[in-house]
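Just below is one structure, and these are the notes that go with it.
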Amino acid sequence: MTSTTSTTDLSIARILADGAAGHGRKAVVKGWVRTCRESKAGVVFVAVSDGSCFGTLQVVVPAECPDFEASRRLTTGCAVVARGELVPSQGKGQSVEMRAEGLELVGAVEDPDTYPIQPKPHSFEYLREVAHLRPRTNTFGAIGRVRHCLAMAIHRFFDRHGFFWIHTPIVTGSDCEGAGQMFKVSTLDLANLPRGADGRPDFAQDFFGKQTHLTVSGQLNVECWCLALSKVYTFGPTFRAENSNTSRHLAEFWMIEPEIAFADLRADADLAEALLKSIFKDLLEERGDDMRFFADRIDKTCIERLEKFIAASFERMDYAEAIRRLEEAERKGHKFDYPVTWGMDMQSEHERFLTEVLVGRPVVVMNYPKDIKAFYMRLNDDGRTVAAMDVLAPGIGEIIGGSQREERLDVLDRRIAEMGLDPAAYWWYRDLRRYGTVPHAGFGLGFERTIVYATGMANVRDVIPFPRTPRNADF
RNA sequence: UCCCCUGUAGCUCAAUGGUAGAGCGAGCGGCUGUUAACCGCUAGGUUACUGGUUCGAGUCCAGUCGGGGGAGCCA
């Protein structure tokens, strides 16, 4: 009876928030044992977490409790239901605790010696190997709540500003998304592939009657809806089959891609800035408990960093200006592995120097040379740059990549031809420019990189529940 | 994918080519309204895997797999 969920149960978050106001109240809490200590004075102290907040509730089991003997044998990880009265705590560190009248062991831990989550610090690398149990740790519990908070804050921001959430497809038949290697989606028998006259796999016999992939971006699709609903965004999983082995890359990650009509690059940058400020403000307000933990144990500066970010405006500079400042740094004696020249695609070392040393906070770099950017980015009047922007953040690099889109059909076609792409493949994308085209712009925000920036966690693999990376799709 | 580093007890790490060690965690006992508890005792190992060199390999060599840092690609 007591071990099943009821919506009238008090969460530990609620109990701790109420604090002294809850003294004298009867309550039931359901959760997992973090630590269990026994005092020979005749009480057992059980720290219980239900994940509703960072903190644990101290459940005190007195000797006269019928479950006293059983509670002495509780170990880290046991699932329990505790009934009792909320009382002032006699110990330090909490204003309220539960004096247990009953404590039910719902699920025991088979062998406490080999339970993978011990009441002691673990390395993140180890915890990735026990990803099914790592949500029970302080860090990953906090990550889970922060991740949810940021996701909700993003939806809230867009909703308040009149954006519509568009569910762009996960499976795509476009072979023209152009953002790197894609995962194939097929129901064909790999051991017995149907082949056409040319000996190649015959995708006409495949599920969709053509070759399909997992999406690498919802941008091209969401542009269609932008040119009807004006302000739209996608927020969903994205897949890249790149063999990238870094702390900043996942094969499956989540991306937010707003797209706004009747907008230029400046409006695009304004939107990016407003979005990030809004969600970081919500994060500090709603998850102060978790953020204090990150500041305490992961990255001392993370709260201060977000506060500064909210207060200050983005540093914005043109690509040309960024190059000038990097060249100036070179003249003053800073050595780069790759020399700085106008027209180059900035290397990590340049981006890091720019955002970490020259600016000291996130910076928006705008108007890149056209030759290093995608075909759909709008050509500027100078004929050699496009209206593209990257938001670079210290320690992470590119957190946002965006642009004003090329809305002029003739210019778009020229760009497609220049890059050796097949215009026929883009027929519906080109149609947008034939029927009621308008200036529009958008960007992609990497969700995991945003969480890394906010929390100070060092690796995107540790801010997603189950990371997918090359040679790793366990759990 | 490339460069560098790395893989030893449940976890974090020691160990000159010569008997496998500590701390934490775990179990038991002691002490204690405790909360990074403290004190004592005990258990716990095919040194990632495969092969090679050697009288002898955790240690040296090769390959495979995993992990980390950096690079490329990007979010």
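Heavy-atom basis, side chains included; hydrogens, waters and symmetry copies ignored. Every chain is numbered from 1, with letters handed out A, B, ... down the list of sequences.
- Atom CZ of A:R240 is separated from atom C1' of B:G72 by 15 Å (rounded to the nearest Å).
- Separating the P atom of B:G63 from that of B:U6 is a span of 16 Å, rounded to the nearest Å.
- Across all strands shown, B:G23 is found opposite B:C11 as a Watson-Crick or G-U wobble partner, with both distances under 3.5 Å.
- For A:T246 and B:C73, the shortest distance from a side-chain N or O to OP1 or OP2 is not below 4.0 Å.
- For A:R37 against B:C38, no side-chain N or O and base N or O form a donor-acceptor pair under 3.5 Å.
- The separation between A:D390 atom CG and B:C73 atom C1' is 13 Å, rounded to whole Å.
- You'll find a donor-acceptor pair under 3.5 Å spanning the side chain of A:Q90 and the base of B:G33, going by distance alone.
- The nearest whole Å value for the distance from the CD1 atom in A:I464 to the C1' atom in B:A75 is 12 Å.
- One cannot find a donor-acceptor pair under 3.5 Å joining the base of B:G70 and the side-chain atoms of A:E349.
- Donor-acceptor pairing under 3.5 Å, judged by distance alone, is present between the side chain of A:S244 and the base of B:C73.
- Pairing of B:U34, defined by two Watson-Crick or G-U wobble distances under 3.5 Å, is not identified with any nucleotide.
- With 3.5 Å as the limit, one finds no donor-acceptor pair spanning the side chains of A:T75 and A:R73.
- Residue contacts shown for A:S89 include a base, since a base heavy atom lies under 4.0 Å away.
- For A:Y233 and A:F164, the distance between ring centers is not under 6.0 angstrom.
- Taking 4.0 Å as the cut-off between side-chain N and carboxylate O, A:E64 and A:R99 count as a salt-bridged pair.
- The aromatic ring of A:Y115 does not sit over the base of B:G10, since the test of centres under 5.5 Å and planes under 30° is not met.
- For B:U34, the OP1/OP2 oxygens have no side-chain nitrogen or oxygen of A:Q58 closer than 4.0 Å.
- Here B:G23 presents its C1' atom at 8 Å from NZ of A:K120, a figure rounded to the nearest Å.
- Residue A:R471 places none of its side-chain N or O atoms closer than 4.0 Å to OP1 or OP2 of B:C65.
- Atom name C1', nucleotides B:C49 and B:G67: the rounded distance is 15 Å, in whole Å.
- As rounded to whole Å, 14 Å separates atom C1' of B:G10 from atom CD of A:E110.
- Side-chain to base pairing of A:D113 with B:G44: no donor and acceptor N or O lie closer than 3.5 Å to each other.
- What separates CZ of A:F443 from C1' of B:A75 is a distance of 12 Å, to the nearest Å.
- With hydrogens and angles ignored, no donor-acceptor pair closer than 3.5 Å exists between the side chain of A:H122 and the base of B:C11.
- In summary, A:R72 and A:E38 engage in a salt bridge, as defined by a charged side-chain N under 4.0 Å from a carboxylate O.
- Contact annotation: A:N245 does not reach the phosphate of B:G70 (side-chain N/O to OP1 or OP2, under 4.0 Å).
- If you check every strand for non-hydrogen atoms under 4.0 Å, A:E257 touches nothing.
- The distance from atom CE of A:M389 to atom C1' of B:A75 is 13 Å, rounded to the nearest whole Å.
- The pairing partner recorded for B:C73 is none, the criterion being a Watson-Crick or G-U wobble arrangement whose two distances lie under 3.5 angstrom.
- Within 4.0 Å of A:F253, counting heavy atoms only, lies at least one base atom of the nucleic acid.
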